[in-house]
Amino acid sequence: MEAALRDTEKNFTEQLAAFGISLSPEQLMQFRQFYENLIKWNEVMNLTAITEEADVYTKHFLDSLSIVGLVGPGSFEKLSVIDIGTGAGFPGLPIAIAFPGAQVTLVDSLQKRVKFLEETVKLLGLRNVQIFHSRAEDFGRIEAKREHYDIACSRAVARLNVLAEYCLPLVKKGGYFIAYKADRIKEEMEDGKKAAAILGGKVDQVISFQLPGTDYNRTLVQIKKEKHTSGKYPRKAGTPSKEPLA
């Protein structure tokens, strides 16, 4: 087990180098603790279908950090980042581990997942993470949180126009919403662009690539916040998914 983990960490380090990211031994230990705690909790609740060590490091940890393909690794140390619908902590927790200067906020609607996240953050000794138990729509209507973050990101399984309504109200003017999507995104783009415009944003970049050293395809959609979002958005809980903007 230890030898296999060392091999996994070596591969992980080499893959991250392709993104311009280097980790200290302490940060690698934090990723190991994250992995071990994820597997422990996954035995009693459904956090992830991906449990093989190498797959977790690639399809969760490395994938979460692929956002540097848009933002650049040096920028994160000064940014406030919010992860909406974080689930088991992706992409927010890997970002917080790799970039301790970033201020990372995790939001999830399920209390059990929040408890897992709270335990993990305490176990890893992370001081740059805040965790909130809330639906995205409700969180986006908290006045102190609206237009507060440099970057809002999400790996949540929802269409781009729905994610835009969850995330763009939280982004500062001049900031970005970045959606992690699969390689097939074309069918979502038209509605996503319309929703972004309604919410004060504009699609700025779309990049598609394979994660280094894998055959795993990822697309990142970056939407720039150009105007303030109307107070009408996000609409009440459940409405964005039932009646998406388009």
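No experiment lies behind these values; they were computed from the predicted model shown. Note that the numbering runs from 1 along the sequence shown for the chain.
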Would Tyr166 and Phe139 count as a ring-ring contact (aromatic ring centres under 6.0 Å, His included) if you check the C-alpha gap in whole Å, the side-chain angles of each, and the deciding distance to 0.1 Å? CA-CA 9 Å; Tyr166 293 159; Phe139 194 82; over 10 Å; no
Could you give me the CA-CA distance, side-chain angles and deciding distance for Tyr149 and Phe177, then say whether ring-ring contact (aromatic ring centres under 6.0 Å, His included) is met? CA-CA 10 Å; Tyr149 299 92; Phe177 158 47; over 10 Å; no
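For the residue pair Thr48 / His60, a side-chain donor-acceptor distance below 3.5 Å is found, with atom types taken as modelled. Inspection of the Gln103 and Ser80 side chains reveals no N or O donor paired with an N or O acceptor under 3.5 Å. No hydrogens or angles considered: a donor-acceptor pair under 3.5 Å links the side chains of Asp204 and Gln222.
A perpendicular orientation is assigned to the rings of Phe19 and Phe209, their planes being inclined by more than 60° (bins at 30° and 60°). By the 30° and 60° cut-offs, the orientation of the rings of Phe31 relative to Tyr57 is tilted.
Heavy-atom neighbours of Glu187 CD from other residues, nucleotides or ligands within 6.0 Å: above the threshold of 12. In this structure, Glu190 places its CD atom where only 12 or fewer heavy-atom neighbours from other residues, nucleotides or ligands lie under 6.0 Å away. Heavy atoms of other residues, nucleotides or ligands lying less than 6.0 angstrom from CE of Met29 number 12 at most.
Remark: side-chain polar atoms of Arg141 are paired, donor with acceptor, to backbone N or O of Gly231 under 3.5 angstrom. For Gln130 (side chain) and Thr105 (main-chain N/O), no donor-acceptor pair under 3.5 Å exists by modelled atom type. Within the 3.5 Å criterion, the main-chain N or O of Arg218 finds no donor-acceptor partner in the side chain of Lys181. One N or O on the side chain of Asp83 and one on the backbone of Gly92 form a donor-acceptor pair closer than 3.5 Å.
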Under 3.5 Å, which donor-acceptor pairs link side chains of residues 239-246 to any protein atom two or more places apart or in another chain?
unit_1 : atom_1 : unit_2 : atom_2 : d
Thr239 : OG1    : Lys236 : O      : 3.2
Ser241 : OG     : Gly238 : O      : 3.1

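Using a 4.0 Å cut-off between charged nitrogen and carboxylate oxygen, Lys40 and Glu119 count as a salt-bridge pair. Salt bridge Glu36/Arg32: absent, no basic N to carboxylate O contact under 4.0 Å. Ion pairing between Arg235 and Glu137 fails under the 4.0 Å rule for side-chain N and carboxylate O.
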